[in-house]
Amino acid sequence: MSEYNPSRIEPKWQNHWVGRKIFRTDDSDRSKPKYYVLDMFPYPSGSGLHVGHPEGYTATDIVARYKRMRGFNVLHPIGWDAFGLPAEQYAIQTGTHPAVTTQTNIKRFREQLQALGFSYDWDREVDTTDPAYYRWTQWIFLKLYERGLAYEAEIPVNWCPALGTVLANEEVIDGKSERGGHPVVRLPMRQWVLRITRYAERLLEDLEGLDWPESVKEMQRNWIGKSTGADIIFRLKGHDAEIKVFSTRPDTLFGATYMVLAPEHPLVDTITTAGQRAAVSAYIESASHKSDLERTELVKEKSGVFTGAYAINPANGAEVPVWIADYVLISYGTGAIMAVPGHDERDWEFAKTYALPIVEVVGGGDVTQAPWTGDGKLVHSGFLDGLDVAEAKSRMIAWLEERGAGTGSVNFKLRDWNFSRQRYWGEPIPVIHVDGGPKPLPVDTLPLTLPDVERYEPSGTGESPLATITDWVATTDPETGRPARRETNTMPQWAGSCWYYLRYISPDYTLGPVDPDREKYWMPVDLYVGGAEHAVLHLLYARFWHKVLYDAGVVHTVEPFQKLVNQGMILGEDNQKMSKSRGNIINPDDVIRQYGADSLRLYEMFMGPLEQVKPWSMRGVEGVHRFLKRVWRVYMQEESEALSADIRPVEATREQLKVLHETIRKVTEDIENGRYNTAISQLMIFNNEAMKWEVKPLEVMRTFVLLLSPFAPHMAEELWEKLGNPETLAYEPWPVWEERHLAADAFTYAVQVNGKVRAQLTVDAALADDQAYVMGLAKADATVAKYLENGIKKEIFVAKRIVNFVV
RNA sequence: GCGAGAGUGGUGAAAUUGGCAGACACGCCAGACUUAGGAUCUGGUGCCGCAAGGCUUAGGGGUUCGAGUCCCCUCUCUCGCACCA
């Protein structure tokens, strides 16, 4: 009885691979070219793997196995991004230490990944919650601090009273907490902040050289949000003060008919006149209560209040009123704008609402009807009249700079990165506070380990649970012995995932985060596969840290991830996003139990292009499972464990070699180009052919097993063994196709008349390029001749493909 | 609203980049072997039409001997960003 039985052969090979460390990477072997293929760092959640995980993981595993066979030294690691809120929430509910929960989850994830047959080097597993790992996360933090890139600031954060904790922006959805849907308010709090803005320009520029999806690059560009313009200074009438604004349109300065400050702008209080004070205070009050949701929902209706103050337009000396309005954001630019209603949508709407003057300074539209934001000749603008926008911009900047009234300037949307979390289950920030100021711990005291706490609830004051451990918080400065207070904030989950790809390179290294010698060999990551949800934050933060480490001489490449691929989400069978509430979740364990890991792997790749969003189909799984069963029947006898007697060491026929070499070529090229679905189609085509052969040449069948192996490694290893090979096929040389076997004996021409196919013409290969011969043959065809009776206007001949007569 | 991407059979999708649209699968139909089949094998299957033939890649226009592929317009969907001056 030798039915294809994945539940027997799969564990056998998984044990073989893991037990004998078949995929341990030997990085002392520098004779081979290296290939670093990386999966995005998984968070080991309590619910285990979902079918989205194996999608990207199978793709990288195929590449890893293929590259090994192509003679590359392959680094293909996995590990755990294991800090994070869920384990802490669970601890609050049950009292179980997050470390215990985390280790349980990791164990489950590891077993699940091994059950899929991925060829990871398990000796390089990393775990962000391991002090031996986060020691170096802390070390990098100190590097950031040392380089002036980490600072403390009182910044408004998303305080959630119900959860008693501060939330990251991405955890706040429509003004409510992502978990639980509790209200969230903005509250200033002392935070550690990383100065990512200092790297804005480089983060933007270096996108150019990366082999990443254009959409991801574009999202990063938008997030960084560079805009070029000028800072312009407006003096205030009757005050010894001035307002600095940022504008991308300094050319329109003559059209600035009023100014707007953000309600939070520090000058508001100073300049507000007695008569306007009540109205201004009321407006500031109401604006502060508006949630982000309300602010965005009220986009259409602009509101604001006049402060009573006037400023002097530096271009023409005109007095312009100064307003406050919440359409101006305190967090962007200088928190103040010059309003040019003739040439800006928002200013135009505001001016219409409050009947402020609208002046045309760029021709091309009718500013009484709509703002004109396009190009045109400058008018009503003194020395700029007649210039176009680009020229007027640079003239105006020069003019402002001569008079000290402004400078050319660049602004970014990107903000500094709030790096504090008021939580327990994260890396402690290695800082103490002495005499009211922060002081980094000496590097030789690292790691600063997480102490145990009695209770995991937030302290309620907004501080992390660590603040409740008074004997931990109270410490002494190791250098001076003076009393000190420990930092109680911990790092965000991003921290560990910002540099894990470096730790894989030398997980055992004790002198730094990464061994410089091995780093030079392995970096950069050649292929990075993961979900599009990390298109901005993770990838931007990791790039930032990498550049800092580059500047610190820790790494030798400017960018960490050379090529990036985003796998598309897998939807449920109902075409909806998989979710518990919809009940459409597919559990990979069930699929493996019923069809085996090879079927799951194959199906996930066969569904369609990796990058595409696509719905799950159990029928589809059955389809690829049937394919594997057919492969099995081609190789194995029906009634025994023995190889089929049809497989014999005989010379292959031309046809057999042709389909084999076509398969080698197609599979090779498709893997190289990430087209795993069509590679599998070709494997099916080969097997469909092989089923028809009465005698199956051993050498051909041996080669096919190698081609199948990256996709369905368990079955391939089993068949390889049956074919008489004692060793794993993982390092067998990848088959190479030969052009001579691809040559066709004959070609079929489509004969068209006026672009419509009227006949098929099979021409012997030797004559296929002979235009005169083929055309003669085509004209002689009875059906074609019928259409040619009235003479031929033009003849088209495309060698080996098509003939077209225009009549 | 702005930005990016995508629309191909009943379904998932292919299409050497301008050369026979629908490979490979799923599903469906018929048959074979079967007590049975949700196993396996064989054949069929874009749409209309008895047929000859005609029509087909979201819709409309264009370039070309020839367009799923290139250009213009319209529609729809997905993702991202939301007053960024």
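Computed from a predicted structure; not experimentally measured. Order of the sequence lines fixes the chain letters, A, B, ..., with proteins taken first and strands second; residue numbering starts at 1 for each chain.
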query = Do other residues, nucleotides or ligands put more than 12 heavy atoms under 6.0 Å from A:K217 NZ?
reply = yes
query = Does B:U76 have a Watson-Crick or wobble mate here (both distances under 3.5 Å), and if so which one?
reply = B:A6
task = Tell me what A:K629 touches on the nucleic acid: a base, only sugar-phosphate, or nothing, going by heavy atoms under 4.0 Å.
result = sugar-phosphate
inquiry  = Could you tell me how far B:C47 sits from B:C41 if I compare only their P atoms? Round to whole Å.
reply    = 25 Å
ask   = What nucleotide, of B:A85, B:C81, B:C24, holds the atom closest to the side chain of A:N688?
value = B:C24
inquiry  = Check this one for me: any side-chain N or O of A:K756 less than 4.0 Å away from OP1 or OP2 of B:C55?
reply    = yes
message = Let's test this: given Watson-Crick or G-U wobble pairing with both distances under 3.5 Å, identify the partner of B:U11.
response = B:A25
message = At 4.0 Å (heavy atoms only), tell me whether A:S247 reaches a base, stays on the sugar-phosphate, or touches nothing.
response = sugar-phosphate
key: Presence of salt bridge, A:E345 and A:K302, under 4.0 angstrom   = no
request  = Ignoring backbone atoms, establish whether A:R626 has a side-chain N or O less than 4.0 Å from OP1 or OP2 of B:C26.
outcome  = yes
query = For B:A85, does OP1 or OP2 lie under 4.0 Å from any side-chain N or O of A:S227?
reply = yes
key: Pairwise C1' distance for B:U35 and B:C26, with rounding to whole Å   = 30 Å
query = Choosing from B:C24, B:A85, B:G12, which nucleotide comes nearest the side chain of A:S681?
reply = B:C24
query = Within the structure shown, what part of the strands sits under 4.0 Å from A:Q760 by heavy-atom distance: base, sugar-phosphate, or nothing?
reply = base
query = Using purine N1 to pyrimidine N3 plus N6-O4 or O6-N4 for Watson-Crick, or N1-O2 and O6-N3 for G-U wobble, each under 3.5 Å, what pairs with B:G18?
reply = none
task = Give one of base, sugar-phosphate or nothing for A:P213, where a contact means two heavy atoms less than 4.0 Å apart.
result = nothing
ask   = Base, sugar-phosphate alone, or nothing: which one does A:F805 contact when heavy atoms must sit under 4.0 Å apart?
value = nothing
remark   = With syn defined as a glycosidic angle within 90 degrees of 0 and anti as anything else, the base of B:U17 is syn
query = Any side-chain N or O of A:R630 under 4.0 Å from OP1/OP2 of B:A39?
reply = no
key: Any A:K614 side-chain N or O less than 4.0 Å from OP1/OP2 of B:G12   = no
request  = Determine the contact category for A:I685: base if any of its heavy atoms lies under 4.0 Å from a base atom, sugar-phosphate if only primed atoms, P, OP1 or OP2 are that close, otherwise nothing.
outcome  = sugar-phosphate
ask   = So which nucleotide does B:A32 pair with, by the Watson-Crick or G-U wobble rule with both distances under 3.5 Å?
value = B:U40
message = So A:N677, base contact, sugar-phosphate only, or nothing? Heavy-atom distance under 4.0 Å.
response = sugar-phosphate
message = Roughly how many Å apart are B:C20 and B:G68, using the C1' atom of each and rounding to a whole number?
response = 14 Å
task = Decide whether A:T678 and A:D670 meet the rule of one side-chain donor and one side-chain acceptor closer than 3.5 Å.
result = yes
For B:C81, the Watson-Crick or wobble partner whose two distances fall under 3.5 Å = B:G1
Earlier contact from the 5' end, RNA chain B, for A:M338 and A:M219 = A:M219
query = Taking the P atom of each, how far is B:G10 from B:A4, in whole Å?
reply = 33 Å
note = Whole-Å distance, A:E622 CD to B:A25 P, equals 16 Å
query = Under 3.5 Å, is there a donor-acceptor pair linking the side chains of A:S617 and A:Y603?
reply = no
ask   = Can you tell me how far the CG atom of A:N411 sits from the CG atom of A:D231, to the nearest 0.5 Å?
value = 6.5 Å
key: Watson-Crick/G-U partner (both atom distances under 3.5 Å) of B:A67   = none
query = Between A:Y354 and A:F350, how do the two ring planes meet: parallel, tilted or perpendicular, split at 30° and 60°?
reply = tilted
task = Could you state the atom-to-atom distance from CD of A:E345 to P of B:A82 in whole Å?
result = 19 Å
query = B:G27 and B:U34: how far apart are their P atoms, nearest whole angstrom?
reply = 24 Å
ask   = When we call it a touch if two heavy atoms are under 4.0 Å apart, what does A:R758 touch: a base, just sugar-phosphate, or nothing?
value = sugar-phosphate
Any side-chain donor near an acceptor of the partner, A:R543 and A:Q220, under 3.5 Å = yes
key: Interatomic distance at P, B:U57 relative to B:U11, whole Å   = 16 Å
message = Measure NE2/A:H625 against P/B:G38 and give the value in whole Å, please.
response = 17 Å
request  = Give A:V798 one of three labels, base, sugar-phosphate or nothing, depending on what nucleic acid heavy atoms sit under 4.0 Å from its own.
outcome  = base
key: Pairing partner (Watson-Crick or G-U wobble, both distances under 3.5 angstrom) of B:A51   = none
ask   = Syn or anti for B:G61, with syn set at within 90° of 0?
value = anti
key: Spacing between A:K393 atom NZ and B:A85 atom P, to the nearest angstrom   = 10 Å
message = Suppose you measure atom P in B:G80 against the same atom in B:A25; what distance do you get, rounded to whole Å?
response = 35 Å
task = Whole angstrom is fine here: how far is it from CG in A:N575 over to P in B:C77?
result = 15 Å
request  = Hey, which sits more toward the 5' end of RNA chain B by its nearest nucleotide, A:A336 or A:K666?
outcome  = A:K666
task = May I ask you to verify if any side-chain N or O of A:Q612 is less than 4.0 angstrom from the OP1 or OP2 atom of B:A6?
result = no
key: Between C1' of B:A14 and CG of A:D670, the distance in whole Å   = 11 Å
query = Quick one: which of B:A13, B:C83, B:A25 gets closest to the side chain of A:F606?
reply = B:A25
ask   = How long is the line joining NZ of A:K217 and C1' of B:G5, in whole Å?
value = 16 Å
ask   = Picking from B:A4, B:C81, B:G19, which would you name as closest to the side chain of A:N804?
value = B:G19
key: Rounded interatomic separation in angstrom, taking CZ from A:F627 and C1' from B:A25   = 11 Å
task = Classify the side-chain pair A:R801/A:Y749 by whether it contains a donor and acceptor separated by less than 3.5 Å.
result = no
message = For the P atoms, the ones on B:U8 and on B:A15, what distance do you get once it is rounded to whole angstrom?
response = 15 Å
ask   = Using a cut-off of 4.0 Å on non-hydrogen atoms, how would the nucleic acid contact of A:G620 be classed: base, sugar-phosphate, or nothing?
value = nothing
ask   = In terms of side-chain heavy atoms of A:F246, which of B:A85, B:C83, B:C20 is nearest?
value = B:A85
message = Is it the case that the side chain of A:T334 and the backbone of A:K244 share a donor-acceptor pair, with hydrogens and angles ignored and the cut-off at 3.5 Å?
response = yes
message = Tell me whether the side-chain N/O atoms of A:R801 come closer than 4.0 Å to OP1 or OP2 in B:G66.
response = no
task = Name the orientation class of the two ring planes belonging to A:W632 and A:Y4 (parallel below 30°, tilted from 30 to 60°, perpendicular beyond 60°).
result = tilted
inquiry  = Of the options B:G19, B:C83, B:G12, whose atoms approach the side-chain atoms of A:I802 most closely?
reply    = B:G19
ask   = Can you find a donor-acceptor pair, distance only, under 3.5 Å between A:K302 side chain and B:C83 base?
value = yes
